K.L.:
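What follows is a single structure, and I will ask about it in a moment.
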Amino acid sequence: QFRQREIFLKIDHQPRARGLENLSQRLNIGFIVHGDADKEVGVDSSRRAIDQLKDKGYRYVYREIDGADHGGILRFPEVADDNFRFIHALRHKEIALSKDERTELTSFANKVKNEKPEAAAPLIAEGQRLGGAPGARIIGNAFDNSEAEVKKAAAATAETTFYGREIVMELVKLTKDKSDDVKAQAWKGLATAANWRSLEAQEFLAQTARKKSASAADRAAAIEGLGKTVKLMLLGWYEDKGPLWTLVLLLDDEDAAVREAAFAQLEKGVKDTFGYKPDLAATERKASMAKWKSWCEQQAGPLNGPGPARP
């Protein structure tokens, strides 16, 4: 077994060290939660922190909760659960492996391509335990296995573990796999990645959800993934506008099933649905759609422009 390891990064104002130029593409380093009614530690402190992370090119997850005070965030267990899952997914990612570990990793990665499900299971588990780029070698090779059960098991690990952009793009490919079970797990992995701000995952989900030529099953899976992406955003912070705008615009889709699916992802997280119903005719939806678009622009900014002005 590889020895367990963790990494802690300190953000400062020094130039980025050589070799870290692409770190932001591989590693999320911050998960911050703040209530905008916090009187003990003003919400501006967290907003400044994420601005600094953004300026340095790092990715992060920020949850801001409307109306929550200093202890009020504890009343939102779904945020705490998301935070714990995030921490678990990021464990020991970027420390270089020893020579012996690299040798063992190469052996595991080579074996998992051809093993039957029972023999592949512990290899996939080790890839999941490692996570990051090292684990991605095992998981990526498992996707090349001819056994659907092996690919399914490997894809399932992406619901709880980060491997990087390469695995996200492999999950995109797996949404076209012959096995429905493999496809289902790929969509779930992409939803997790999109929730934790993988741009590639968010864009693929949005594109598929909007694509009229996509199958009904694929559009439904993509919409469900977008719903997971915006669920905690709807508590008060709308930095990633693409997923939110996509769901809002799909409320006016020609396909009634698509409208219903998009509305299901939004209605429980908003205070006002503006009299919208998925089964309304296009002319009857017009007024409520105008209000939905106005609300979305107020919260997230215009679809093709900068984000909203902060108070």
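This is a predicted model, so every value here is computed, not measured. All heavy atoms count here, side chains included; hydrogens, waters and symmetry mates do not.
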K.L.:
Specify whether F274 and W292 have parallel, tilted or perpendicular ring planes, treating 30° as the upper limit for parallel and 60° as the lower limit for perpendicular.
P.N.:
perpendicular
K.L.:
Dump the intermediate steps for side chain to side chain contact (heavy atoms under 4.5 Å, CB included) on E147 and K116, then the final yes or no.
P.N.:
CA-CA 7 Å; E147 295 276 352; K116 296 295 183 182; 2.8 Å; yes
K.L.:
Can T229 and Q202 be counted as having a side-chain donor-acceptor contact under 3.5 angstrom?
P.N.:
no
K.L.:
Tell me the closest heavy-atom pair linking A193 and A201, and the distance in Å.
P.N.:
CB-CB, 3.8 Å
K.L.:
Which distance, rounded to the nearest 0.5 Å, do you find between the CG of N114 and the OG of S146?
P.N.:
7.5 Å
K.L.:
Do D218 and K176 sit within salt-bridge range, that is, some charged N less than 4.0 Å from a carboxylate O?
P.N.:
yes
K.L.:
Working to the nearest 0.5 angstrom, can you tell me the gap between L190 CG and I167 CD1?
P.N.:
11.0 Å
K.L.:
A side-chain contact here means heavy atoms from C-beta on lying under 4.5 Å apart; do T161 and Y163 qualify?
P.N.:
yes
K.L.:
Can you give me the closest heavy-atom contact between G225 and A191, atom names plus distance?
P.N.:
CA-CB, 3.7 Å
K.L.:
Would you say L303 and M233 are hydrophobically clustered, going by side-chain heavy atoms of ILVMFWY under 4.5 Å?
P.N.:
no
K.L.:
What distance do L280 atom CG and M289 atom CE have between them, rounded to the nearest 0.5 Å?
P.N.:
11.5 Å
K.L.:
Is it true that D69 and K39 have a side-chain N and a carboxylate O under 4.0 angstrom from each other?
P.N.:
no
K.L.:
Would you give the length of the straight line joining atom OH of Y62 to atom CG of D51, rounded to the nearest 0.5 angstrom?
P.N.:
10.0 Å
K.L.:
Side chains of L244 and C296, heavy atoms from C-beta outward: is any pair under 4.5 Å?
P.N.:
yes
K.L.:
For K228 and T192, does a side-chain donor sit closer than 3.5 Å to a side-chain acceptor?
P.N.:
yes
K.L.:
Do the side chains of I32 and V61 get nearer than 4.5 Å, heavy atoms only?
P.N.:
no
K.L.:
For a quick test of reading the model, state the closest non-hydrogen atom pair linking V150 to I124 and the distance between them.
P.N.:
O-CD1, 3.7 Å
K.L.:
Determine whether T160 and Q128 make a side-chain contact, defined as any pair of heavy atoms from C-beta on separated by less than 4.5 Å.
P.N.:
yes
K.L.:
Report yes or no: do R59 and S198 form a side-chain donor-acceptor pair below 3.5 Å?
P.N.:
no
K.L.:
Run through E101, R137, K111 and flag the one making a side-chain hydrogen bond (donor to acceptor under 3.5 Å, both in side chains) with T106.
P.N.:
R137
K.L.:
Using modelled atom types only, decide if a donor and an acceptor are shared between the side chain of T208 and the backbone of L205 within a distance under 3.5 Å.
P.N.:
no
K.L.:
Taking the six-membered ring where the residue is Trp, are the ring centres of F263 and Y276 under 6.0 Å apart?
P.N.:
yes
K.L.:
Do NZ/NE/NH1/NH2 and the carboxylate oxygens of E170 and R165 come within less than 4.0 Å?
P.N.:
no
K.L.:
Is there a path of hydrophobic side-chain contacts, each under 4.5 Å between heavy atoms, that joins L249 and L247?
P.N.:
no
K.L.:
Hey, is the main chain of A281 close enough, under 3.5 Å, to the side chain of E284 for a donor-acceptor pair?
P.N.:
yes
K.L.:
Within the side chain of R259, is there an N or O that forms a donor-acceptor pair under 3.5 Å with the backbone of L250?
P.N.:
no
K.L.:
Shared ILVMFWY cluster between L226 and L199, side chains joined below 4.5 angstrom?
P.N.:
no
K.L.:
Can you tell me how far apart CG (D36) and CG (D66) are? Round to the nearest 0.5 Å.
P.N.:
5.0 Å
K.L.:
Check the side chains of N195 and D82 for a donor-acceptor pair under 3.5 angstrom, ignoring hydrogens and angles.
P.N.:
yes
K.L.:
side-chain hydrogen bond (donor to acceptor under 3.5 Å, both in side chains) for Q52 and Y60? Distances and angles first, verdict last.
P.N.:
CA-CA 11 Å; Q52 291 176 16; Y60 55 86; over 6 Å; no
K.L.:
Taking only residues two or more places apart in sequence or in another chain, which ones pass side chain to side chain contact (heavy atoms under 4.5 Å, CB included) with K231?
P.N.:
none
K.L.:
K178 versus K183: any side-chain heavy-atom pair under 4.5 Å?
P.N.:
no
K.L.:
Which heavy atom of A142 sits nearest to which heavy atom of K151, and what is that distance?
P.N.:
O-CG, 3.6 Å
K.L.:
Taking the six-membered ring for Trp, are the ring centroids of Y238 and W245 within less than 6.0 Å of each other?
P.N.:
no
K.L.:
Determine, step by step, whether I223 and V258 satisfy the side chain to side chain contact (heavy atoms under 4.5 Å, CB included) criterion, reporting the C-alpha distance in whole Å, the side-chain angles of both residues, the deciding distance to 0.1 Å, and the verdict.
P.N.:
CA-CA 8 Å; I223 290 170; V258 169; 3.9 Å; yes
K.L.:
Check for a donor-acceptor pair, side chain of T175 on one end and backbone N or O of V172 on the other, with a separation under 3.5 Å.
P.N.:
yes
K.L.:
Any donor and acceptor pair, going by atom type alone, linking the side chain of N141 with main-chain N or O of K113 inside 3.5 Å?
P.N.:
no
K.L.:
Is V33 reachable from V41 through a run of hydrophobic residues whose side-chain heavy atoms are each under 4.5 Å from the next?
P.N.:
no
K.L.:
Calculate, to the nearest 0.5 Å, the distance between atoms CD and CZ belonging to E239 and R197 respectively.
P.N.:
4.5 Å
K.L.:
Do K212 and D253 meet the salt-bridge criterion of a basic N to acidic O distance under 4.0 Å?
P.N.:
yes
K.L.:
Which class fits the ring pair F204 and W187: parallel under 30°, tilted 30 to 60°, perpendicular over 60°?
P.N.:
parallel
K.L.:
Give a yes or no on whether the backbone of R285 and the side-chain of S288 come within a donor-acceptor separation of less than 3.5 Å.
P.N.:
yes
K.L.:
Could you pull out the closest heavy-atom pair between R219 and A214, with the gap in Å?
P.N.:
CG-CB, 3.8 Å
K.L.:
Under the rule for side chain to side chain donor-acceptor pair (under 3.5 Å), what residues qualify as partners of K152, not counting sequence neighbours?
P.N.:
none
K.L.:
Counting only heavy atoms not in E200 (residues, nucleotides, ligands), do more than 12 fall under 6.0 Å from its CD?
P.N.:
yes
K.L.:
Apply side chain to side chain contact (heavy atoms under 4.5 Å, CB included) to the pair R63 and F76, showing each step before the final yes or no.
P.N.:
CA-CA 11 Å; R63 310 295 191 200; F76 297 86; over 6 Å; no
K.L.:
Donor-acceptor pair, N145 side chain versus E115 backbone, under 3.5 Å?
P.N.:
yes
K.L.:
Might you point out which heavy atoms bring P243 and D240 nearest each other, and give the distance in Å?
P.N.:
CD-O, 3.3 Å
K.L.:
How about E159: does its CD atom have over 12 heavy atoms from other parts shown lying under 6.0 Å from it?
P.N.:
yes
K.L.:
Any chance you could lay out the side chain to side chain contact (heavy atoms under 4.5 Å, CB included) test for S45 and H34, step after step, and finish with the verdict?
P.N.:
CA-CA 9 Å; S45 62; H34 214 136; 3.7 Å; yes
K.L.:
Ignoring hydrogens and angles, tell me if any N or O in the side chain of T103 forms a donor-acceptor pair with the backbone of K99 under 3.5 Å.
P.N.:
yes
K.L.:
Give a yes or no on whether V270 and V230 share a hydrophobic cluster (residues Ile, Leu, Val, Met, Phe, Trp, Tyr; joining criterion: side-chain heavy atoms under 4.5 Å apart).
P.N.:
yes
